[in-house]
Amino acid sequence: MKFATWNVNSLKVRLPQVLDWLAEHSDITALCLQETKMDDPTFPQAEIEAAGFHVVFAGQKTYNGVAIIARAPIEDVIINIPGFADPQKRVLAATINGIRLVDVYIPNGQSLDSEKFPYKLAWLAALKEFIAQELQQHPKLALLGDYNIAPEDRDVHDIKKWEGGVLVSPAERNFFNEFIQLGLVDSFRLFEQAEKSFSWWDYRGFSFKKNAGLRIDHILLSSALAAQCSACEIDVEPRKHERPSDHTPVIATIL
DNA sequence: ATGGCCTTTATGAAAGGA
């Protein structure tokens with residue numbers, strides 16, 4: 001089985017690329033999307049199902065929005081974090097082939113002095129409680145999505161440029177480590193990886209060409225799943241396409 | 001360099017992203 005995550009930065013723009021990518025990667029069991037940026041009535045459910053997939057989605061107009069596309073039936077869906085009142089659609093949990101997937105679009109936070117930053121931290125605290133509960137019911141769990149956290153300095157092309165900002169702050173990295181303390185494992189770091197491996201590059205200033213990126217999209221696995229994980233890779237190919245998303249897919253292989 | 005680019009909403013300009 002292969003599970004993937006991809007922040008598509010508008011599914012309206014990127015749907016053809018998503019369907020092409022799934023056709024080229026016929027071994028992908030399920031793909032978690034973030035930033036679909038569309039409300040549910042406009043979601044392209046018919047097109048995705050016509051291509052032979054199952055799909056669930058939770059969206060809103062203009063901002064955020066998550067979806068899971070799968071080749072097998074999707075069961076036990078939860079939208080948003082139970083008990084955490086939030087009009088923003090950022091979480092979708094579902095079971096596929098007996099594996100619990102939690103698809104997250106963690107808030108960006110904007111800047112350390114923005115009112116959006118305490119929202120990000122409160123949101124992460126609520127997510128941690130939710131994941132702790134989900135783990136009790138689902139030992140085989142993957143937490144995958146756009147975390148908007150670069151966990152270590154090696155996940156940042158130029159740490160001096162980013163220091164003091166969001167995505168790399170100690171408060172955010174502490175939350176990433178709290179997920180690790182829940183028993184989750186960063187699947188990417190289970191394996192030897194090329195230096196300067198990133199999943200996001202700014203659209204500005206030829207950042208992709210210069211590989212001036214960040215690794216902020218992650219697949220964390222419960223210990224039961226990590227024991228079955230044989231690979232985790234970032235697929236940079238879609239970032240080379242015409243009109244790309246600024247993020248590129250991350251894929252974990254489960255035996 | 002208080003920038004650069006892309007998407008959205010909406011039709012001009014601004015917000016949000018990371």
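Just so it is clear: chains get the letters A, B, ... in the order the sequence lines come, proteins before strands, and each one is counted from 1.
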task = Could you measure between the two P atoms, the one in dA18(B) and the one in dC6(B), and give it in whole Å?
result = 16 Å

request  = List the steps, then state whether side-chain hydrogen bond (donor to acceptor under 3.5 Å, both in side chains) holds for Gln34(A) with Asp103(A).
outcome  = CA-CA 8 Å; Gln34(A) 303 89 37; Asp103(A) 176 13; 2.8 Å; yes

request  = For dG3(B) and dG17(B), measure between their P atoms and round to the nearest Å.
outcome  = 16 Å

request  = Could you measure between the two C1' atoms, the one in dT7(B) and the one in dG12(B), and give it in whole Å?
outcome  = 16 Å

Phe117(A) side chain near Gln110(A) side chain, heavy-atom distance below 4.5 Å = no

ask   = Got Arg90(A) and Val104(A) here, is their nearest side-chain heavy-atom distance under 4.5 Å?
value = no

key: Heavy-atom protein contacts under 4.0 Å, nucleotides 7-18 of chain B, coded B base, S sugar-phosphate only, - none   = SSS------SSB

key: Rounded C1' spacing from dA15(B) to dA10(B) in Å   = 13 Å

ask   = dG4(B) and dA14(B): how far apart are their P atoms, nearest whole angstrom?
value = 13 Å

ask   = With a 3.5 Å cut-off and no angle check, do the side chains of Ser207(A) and Asp202(A) form a donor-acceptor pair?
value = no

Value in whole Å for how far the P atom of dC6(B) lies from CZ of Phe208(A) = 14 Å

request  = Before accepting this row, confirm whether a basic side-chain N of the pair Lys240(A)/Asp235(A) lies closer than 4.0 Å to the acidic partner's carboxylate O.
outcome  = no

message = Rounded to whole Å, please give me the gap between NZ in Lys161(A) and P in dG4(B).
response = 15 Å

task = Return the orientation label for the Phe57(A) and Phe43(A) ring planes: parallel under 30°, perpendicular over 60°, tilted otherwise.
result = parallel

